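Scroll down for the structure; my scribbles are underneath it.
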2 protein chains.
Amino acid sequence: MKRTSITDIAKATNLSISTVSRVINGKAEEYRIGKKSQKLVLETAKRLNYKPNHAAAHLRSGKSRTIALLIPTLDNPFFASLASKINNDLREEGYTTILSESGENLEREKEILRNLLSRNIEGLIMVPCGQEFSHILELKNKELPIVCMDRYIDELDLPYVSTDNYFGAFEATKLLINSGHRNILGIQGELQSIPNQQRALGFTAALKEANIDQVNLKGDSFSVQNGYLETKLALQNADIPTAIFAFSNTIALGCLKALKEDRLSIPGDVSLICFDDHPFLEFLSAPITSVAQPVSDIARLSTRFLFSLIGKDPLESQKMLFKPQIIIRNSIKKI
Amino acid sequence: MKRTSITDIAKATNLSISTVSRVINGKAEEYRIGKKSQKLVLETAKRLNYKPNHAAAHLRSGKSRTIALLIPTLDNPFFASLASKINNDLREEGYTTILSESGENLEREKEILRNLLSRNIEGLIMVPCGQEFSHILELKNKELPIVCMDRYIDELDLPYVSTDNYFGAFEATKLLINSGHRNILGIQGELQSIPNQQRALGFTAALKEANIDQVNLKGDSFSVQNGYLETKLALQNADIPTAIFAFSNTIALGCLKALKEDRLSIPGDVSLICFDDHPFLEFLSAPITSVAQPVSDIARLSTRFLFSLIGKDPLESQKMLFKPQIIIRNSIKKI
DNA sequence: AAAATATGAACAAACGTTTGTTCATGAAAA
DNA sequence: TTTTCATGAACAAACGTTTGTTCATATTTT
């Protein structure tokens, strides 16, 4: 059972293909199609249950009405939330989103971008996963509108939207210091990612400002396992840190697991603060103080930036770092 | 700067378009293209940085190599996790996924499906959001391969993959009953969804089996807010329930919030069990016992079913309900 | 009455592939 | 030598749109 095409409607109405096309695309007035013809076309389209063939329109017009969203993984609630918001924003603008996950795997990222290019995406919002970026540069040179989100790549001078991770980490660390902590363990995530690097810098700077020489920064992944492992290791040492700064809530979950195994309590034995808020942090055995990123703002501005690029509008600004908000709970002990 | 097409390669190599196409699609042997020509085409393609135009291939061949995944929202970790796994499975099979979120909104679901149809998707994995299904029936009649996941629609006789929600709820409720609870509040989610209905039935059946007449089942949404509200209300009554069965972990989060506000402890004052596991449940002030759905199995089998339909392979079975697993923690008090 | 303009719609090319078919050429068989 | 066959590749149509242009007819203006 063949689908009805614009040609079928043309035949059924005794009008030409171009007329039908113009009516269906709302260009009837512009091309002076008579009211009667308009009505006839629309009715016939409905009667024959016409569905436009996107591939044909895309091929002819060169417009795919498709935007790609590339994130590390949906299993991280921070990215899932970003994806959800962007997905809906784009849909409301009439775009279809192709959502891809790199899994922090550079080769996969490259392969995905190759495929997306074949599909003539009109724009790309991405969280780059690696330090390598020649493949992204290639896209930029093809004048594909690209916005980086959360992570970005200084060398590429692409528009980006992220959190002021330096500030957030600095403030978080100061919070610990102001509560009297001097032996603080930082557990970081993906080393090559800019947010992680900024957090590391903020962490270090706050320590330095307080004249704390020993910078104890461990770990290499935004995973529960990494948090667990590094905490376990730290607890084996002679001088256990009095506070831990987990660079993500997933890492914090790992800390929690390790601390629980060793029957250490928060904040009694060890204080804890983490990046990225989550509803459940409120209800943990000790409610964890966190550095909350403004997820909605990041998502919204990313799409705004992208549409500016697509529309060739001048961007008010190419880059934005939102200030995070520290949500005080009860995981830091005054000592 | 125009993109290089197959035609450009044909010109550059002095071969015909069809020959180039066949080489690039790996049909060289089948059509007896000489080794030299093959090599020449491949090299020229690389040299000119050729990227296939998917829209053109799609239009001509009728194959979109695209599959749609339609879920309620990525903000629910259960769906996000399903989406992530399916997305990756499909990518490995060479398909591109269009991920859409209905937001539990029937009209949006319809609009999305209309759009997807325009894009000639080759298959659909969906979590239907409503009780209405004429639009889905239409797709089925068009012989679009469809698999339902988590939720399904009895009337449509579509293949589905889900959890045995009746069994899970029955066992969960029995667990409470066996611990001596008789005044149990069930807080349910979307009323029209089959999993919710099955959970409600399992809940009720277990109570009945224990000769508990009073079936206390409230709520109407898989949201934190719903859990919070219903718990608040319940706590206002004279006889506070001794146990709560939250039909999702998001609902449980709401219960937690309400209980905390009223300074009631788990399991001391109120026992709690919920559907859907999550890592953080382990680390709550009271680790919550949960009914874990086999997310990976559901995702994997859904794609298996879909590929069977696409390949017109006979399905071993059209329907599958996996048994959930109850993960015992420490949120139920023996009374 | 002729010229100019407005109105409504048709023509036809193009987008970049895929694919069924045909066509040379040279080698092997008769 | 003629016929058959294998090899390698070209031809050309088609997929369903969009879109720049042209064309008739009717109406208005001069």
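Because the structure is a prediction, the values reported are computed rather than measured. Note on naming: letters A, B, ... go to the chains in the order of the sequence lines (proteins, then strands), and numbering restarts at 1 for each one.
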Could you tell me whether A:K319 and A:D157 make a salt bridge, using a distance below 4.0 angstrom between a side-chain N and a carboxylate O?
yes
Side chains of [X] and [Y] only: does a donor on one sit below 3.5 Å from an acceptor on the other?
X	Y	result
A:T7	A:K11	no
B:R3	A:N120	yes
A:E101	B:S84	yes

Tell me which of B:T19 and A:I6 sits closer to the 5' end of DNA chain D, going by the nucleotide each one is nearest to.
B:T19
Given DNA chain D, 5'-ward residue of the pair B:K35 and B:S61, judged by closest heavy atom
B:K35
Rounding to 10°, can you tell me the angle the first-five-pair axis of the helix from C:dA1-D:dT30 to C:dA30-D:dT1 makes with its last-five-pair axis?
60°
Taking for B:A57 and for A:Q38 the nucleotide of DNA chain C with the nearest heavy atom, the one nearer the 5' end belongs to A:Q38
Under 3.5 Å, is there any donor-acceptor pair linking the side chain of [X] to the base of [N]?
X	N	answer
A:R60	D:dT17	no
B:S5	C:dC15	no
B:R22	C:dG20	yes

Phosphate contact (D:dT17 OP1 or OP2) by A:Y50 side-chain N/O below 4.0 Å
yes
